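Note sheet for the following structure.
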Amino acid sequence: MQASLVFALNAARRARQAAIVLTDQMSGETRLILERSPERNSLDDTLATEVTSRFRSGKSGSAEIDGRPLFFNVHLPSPRIAIIGAVHISQALAPMAAIAGFAVTVIDPRTAFATPERFAGIDLVTEWPQDAFALSPLDAHTALVAVTHDPKIDDPALLAGFDAGAFYIGALGSRKTHAKRVERLTAAGVARSDIDRMSAPIGLDIGAATPAEIAVAVLADVIRALRQRVVQSPGADG
């Protein structure tokens, strides 16, 4: 692999941008395709479809395109979950998500709840979400899970999630609570299409009743969103 390509790939990794190193197995020629690069607009339809599929699945492998054997070496940022609220659901969700391979951060300015004893081994941030995200921004490979029931904490996190294009945004609350949330988000300028992609009430509808069961429903919903995510359009901000 040529040095300039390695440099560009490492830069993409630092920026948490998905990338594919595409190798023509007949000629040995390699090229780098970034998920948000306008270059994707120049790909022919068959190759573009394969590239999109690889970005979505994260799986490397070979495919024959127009009679040429190609190898797709896929590099995706590690998926993250930002959990807003150090509540009982979070205590169950955080370790389960870590086992599933997510980097997990629990964010809650309420130090009475956000204690190391309750979240042993979990990255715990006792800041307001907007302050936490100023230091560690959300991105398209992060899921946002808001479970405090407190608009002063949840709403700024949700707005940050929309701005960053987080692949999953979910919020705890009844339908009545969510209707009021929609009013606030709409007033804040969030597009209806973004609001509609929220998971609220949060998680898959499996009849979950206990905090642990709700955590299972949320994690399953996040995994489904990750594996079925809409690959960002070329040239999109992120």
Side-chain angles (χ1 to χ4, degrees), residues 18 52-59 76-108 113 118-119 121-123 129 138-151 153-186 190-232:
T52 297
S53 176
R54 296 286 175 176
F55 275 131
R56 181 175 290 118
S57 70
K59 294 181 179 179
L76 297 186
S78 57
R80 303 187 298 184
I81 297 181
I83 304 173
I84 311 303
V87 299
H88 291 310
I89 294 170
S90 309
Q91 284 183 280
L93 176 59
M96 288 194 301
I99 291 171
F102 291 89
V104 182
T105 301
V106 175
I107 301 170
D108 197 325
F113 297 98
R118 299 180 73 225
F119 292 91
I122 299 298
D123 181 26
L138 298 172
D139 57 39
H141 298 274
T142 304
L144 180 73
V145 173
V147 289
T148 72
H149 269 305
D150 186 342
I153 302 174
D154 284 349
D155 285 8
L158 295 172
L159 292 172
F162 290 126
D163 287 343
F167 76 84
Y168 177 90
I169 299 175
L172 188 67
S174 66
R175 286 176 172 79
K176 181 178 180 181
T177 297
H178 183 58
K180 293 180 180 179
R181 181 187 296 123
V182 168
E183 291 178 2
R184 296 193 303 271
L185 294 176
T186 300
V190 179
R192 185 70 210 194
S193 58
D194 282 333
I195 293 174
D196 288 345
R197 76 180 183 89
M198 286 182 64
S199 180
I202 198 168
L204 295 183
D205 185 6
I206 60 173
T210 67
E213 289 176 353
I214 295 171
V216 169
V218 171
L219 182 57
D221 205 17
V222 169
I223 292 172
R224 180 175 68 172
L226 176 65
R227 296 309 173 196
Q228 298 179 0
R229 71 188 184 93
V230 176
V231 173
Q232 288 198 359

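Because the structure is a prediction, the values reported are computed rather than measured.
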Looking at every heavy atom in both [X] and [Y], which two are closest together, and how far apart are they?
X	Y	result
Pro211	Ala92	O-CB, 4.5 Å
Met198	Arg181	CE-CD, 4.0 Å
Phe113	Phe119	O-CE1, 3.9 Å
Gly58	Leu76	CA-CD1, 3.3 Å
Gly85	Thr148	CA-CG2, 3.3 Å
Gly161	Ile169	C-CD1, 3.5 Å

Quiz item: Would a distance-only check, ignoring hydrogens and angles, find a side-chain to backbone donor-acceptor pair under 3.5 Å from Arg184 to Asp155?
Solution: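 A pair under 3.5 Å: no.
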Quiz item: Short question: side chain of Asp154, backbone of His149 - any donor-acceptor pair under 3.5 Å?
Solution: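 Yes: the side chain of Asp154 pairs with the backbone of His149.
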Exercise. Apply the test side-chain contact (heavy atoms from CB on, under 4.5 Å) to residues Leu204 and Arg224: give CA-CA distance (whole Å), side-chain angles for both, the deciding distance (0.1 Å), then the verdict.
Key: CA-CA 9 Å; Leu204 295 183; Arg224 180 175 68 172; 3.1 Å; yes
Would you give the length of the straight line joining atom [atom1] of [X] to atom [atom2] of [Y], rounded to the nearest 0.5 angstrom?
X	Y	atom1	atom2	value
Asp221	Ile214	CG	CD1	13.0 Å
Leu185	Leu158	CG	CG	6.0 Å
Arg192	Ile195	CZ	CD1	5.5 Å
Ile153	Ile84	CD1	CD1	9.0 Å
Leu172	Ser199	CG	OG	10.0 Å
Asp108	Arg118	CG	CZ	9.0 Å

Quiz item: Do the side-chain N and O atoms of Asp196 and Ser193 include a donor-acceptor pair separated by under 3.5 angstrom?
Solution: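 Judged by distance alone, the side chains do not pair up.
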Quiz prompt | Donor-acceptor pair between His178 and Arg175 side chains, under 3.5 angstrom | solution =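 His178 vs Arg175: no donor-acceptor pair found between side chains.
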Using a 4.5 Å cut-off on heavy atoms from C-beta on, say whether the side chain of [Y] contacts that of [X].
X	Y	result
Ile81	Thr142	no
Ile83	Ile107	no
Phe167	Leu226	yes
Val145	Tyr168	yes
Val104	Arg80	no

